[in-house]
Amino acid sequence: MTQFEFYKSFQFVLELILAESLYAYKLHRRSHFVWRMIGSLVVFFTYSFLFPVLSYSAWYCSFTFLMIFAASVLLAKFLFKETWLTVIFCCLAGYTTQHLAYELYTLLLHMSGASSASPMGFYGDGEIAFFENPFSIAVYFCSFIVTYCACFFLFSEKIPKSEEIRFKTAFIFIGAVFILVIDVVLNAVIVYYLAGDDKPLYKIIMCVYNILCCLIVLYLQFEVALKRKIEDTLDRVEQMWHQAKEQYAVSKENMEMINLKCHDLKHQIRTLRKGGDINPEVLKDIEKHISIYDSSVKTGNAALDVIISEKSLVCANKNIKLSCIIDGKQLDFIKEEDVFALFGNIIDNAIEAVSAVEESKRVITLSVKTVNNFLTIRETNYYEHPIKFVGGLPETHKADKRYHGFGIKSIKCICEHYGGELTIAAENNIFDLSILFNN
């Protein structure tokens, strides 16, 4: 067995598996994952071992490594229930990390003056002499461990769990693939033509170039391409804001119409009651029900009056007690549509939470007041489902996180826009949301 045959059949495969695992561990696993993984490893090593070595040219060596990488993508798709783009993204990041570690190892060897580019020693007959090069082995393990750990903390943690990886444009991703492929091929060509030549400076320069290419690929993937997630979040929050703005106009008009009709009906009921033609108890019951729709909320802020009145109807239908102590005049520095969106999201989230608890705990308290020149908005409610916090914000418990959880983000965006500070706590099944503005 030649050095190249050993490397492509065992060493490279193991390096690639470990590197791709750094990025694939968050992906959705298919059923019977352990058995799939065992079968995949057997197939992968067998495929790499049997892949024919028809030539030792730079082009064929590059082709061999790319074909092994392609096989790893297919096996990853077999293991994980993800889109092709997500699987390719993680595998590409893994291959880039492996190549980065290999180039760092080679660079350190060239800088130290060591001649062997393999941690294993090989005799002329192809026999492998393990631990023949203790210095190379030490440099090898240090290079790969440091590189893999650094990439894990710097890049792998940025992959969103349970979310599909998406790109605003495929150009960036294609560019990253192109750069990596060209780098792998050029590296093979340089290694092939400089093999045996005493040109350490050229080799060092090539290693530095390869390392820079790998870092550029990882940057394109994580620092640029994954920003699509942030842009999507902002787009959704902005869309919610525009919807809230439109809903506020409609709700305000509807509430004014309802108030007017209810006011007229109450006067008509009083007139009928004086006439004595209808049972007074029946009229009293009708008037009671109409009063539910008669907006009596006067907070001092028109937008807040609308949203509180509207949500009071929802709470009444769900047997939820909405308790409010609000000085709405203190909210004049916030645009009406933002007030509507802010409190709409706060109360909607609270309604959803208390709807799942027993009826005696279906209570939502909301206060807006000034304390020591600070405007405070506070909402508390009971909850039942365990709450997990990510980045200081509660994560939605719904299965499809791509289309949920934007209400809290919208609240945070509005707070930050007006210089406020959002604090959320959840202890003893009590959810506590606080917003602080400096007046």
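Index from 1, following the sequence.
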**Item:** Pairwise side-chain contact, Ile424 with Phe431, heavy-atom cut-off 4.5 Å (strictly under)
**Value:** yes
**Asked** Do you know which two heavy atoms are closest between Ser40 and Leu75, and how far apart they sit?
**Response** O-CD1, 3.6 Å
**Arg36 charged N/C atom sitting above Phe78 aromatic ring, 6.0 Å / 45°** = yes
**Modelled atom types, side-chain donor and acceptor of Thr299 and Asp305, under 3.5 Å** = yes
**Request:** May I ask you to check whether Tyr25 and Phe152 place their ring centres under 6.0 Å from each other?
**Result:** yes
**Request:** Check the surroundings of atom CD1 in Ile325: do more than 12 heavy atoms from other residues, nucleotides or ligands lie under 6.0 Å from it?
**Result:** no
**Asked** Under 3.5 Å, is there a donor-acceptor pair between the side chain of Thr370 and the main chain of Asn373?
**Response** no
**Asked** Are the side chain of Glu82 and the backbone N or O of His28 linked by a donor-acceptor pair below 3.5 Å?
**Response** yes
**Prompt:** Is a side-chain donor or acceptor of Lys8 paired with a backbone partner of Cys61 at a separation under 3.5 angstrom?
**Reply:** no
**Prompt:** Just by distance, do the side chain of Asn429 and the backbone of Tyr383 share a donor-acceptor pair under 3.5 Å?
**Reply:** yes
**Request:** Determine the minimum heavy-atom distance between Ser136 and Leu109, stating which atoms define it.
**Result:** OG-CD2, 3.9 Å
**Asked** Side-chain donor-acceptor pair under 3.5 Å between Thr97 and Tyr23, yes or no?
**Response** yes
**Request:** Measure from the side-chain N and O atoms of Arg30 to the backbone N and O of Phe80, and report whether any donor-acceptor pair falls under 3.5 Å.
**Result:** yes
**Message:** Run Asn301 and Val368 through side chain to side chain contact (heavy atoms under 4.5 Å, CB included) and show every step you take.
**Reply:** CA-CA 11 Å; Asn301 183 282; Val368 178; over 6 Å; no
**Message:** Keeping Thr365 on the side-chain end and Ser323 on the backbone end, is there a donor-acceptor pair under 3.5 Å?
**Reply:** no
**Main-chain N/O of Lys318 paired with Arg362 side-chain donor or acceptor, under 3.5 Å** = yes
**Message:** If only side-chain N and O atoms count, and only distance matters, is there a donor-acceptor pair under 3.5 Å linking Asp338 with Tyr418?
**Reply:** yes
**Request:** Take atom NZ of Lys361 as the centre, draw a 6.0 Å sphere, and report whether it contains more than 12 heavy atoms from other residues, nucleotides or ligands.
**Result:** no
**Message:** Measuring centre to centre across the rings, with the benzene-like ring taken for any Trp, is Phe45 within less than 6.0 Å of Phe49?
**Reply:** no
**Fill in**
Correct closest heavy-atom pair for Leu16 and Tyr95 would be CD1-CA, 3.8 Å
**Item:** Separation between CG of Leu366 and CD of Glu379, rounded to the nearest 0.5 Å
**Value:** 6.5 Å
**Item:** Tyr148 side-chain N/O to Leu22 backbone N/O, donor-acceptor pair under 3.5 Å
**Value:** no
**Prompt:** Does the Lys369 side chain pair with the main chain of Ile326, one donor and one acceptor, at a distance under 3.5 Å?
**Reply:** no
**Item:** Test log, rule side-chain hydrogen bond (donor to acceptor under 3.5 Å, both in side chains), inputs Asn349 and Glu352
**Value:** CA-CA 5 Å; Asn349 289 338; Glu352 181 180 355; over 6 Å; no
**Request:** Any chance you could lay out the ring pair (Phe, Tyr, Trp, His ring centres under 6.0 Å) test for Phe437 and Phe333, step after step, and finish with the verdict?
**Result:** CA-CA 11 Å; Phe437 293 102; Phe333 68 98; 5.4 Å; yes
**Message:** Does Trp35 have more than 12 heavy atoms from other residues, nucleotides or ligands lying within 6.0 Å of its CH2?
**Reply:** no
**Prompt:** Taking the six-membered ring for Trp, are Phe12 and Phe65 ring centroids under 6.0 Å apart?
**Reply:** yes
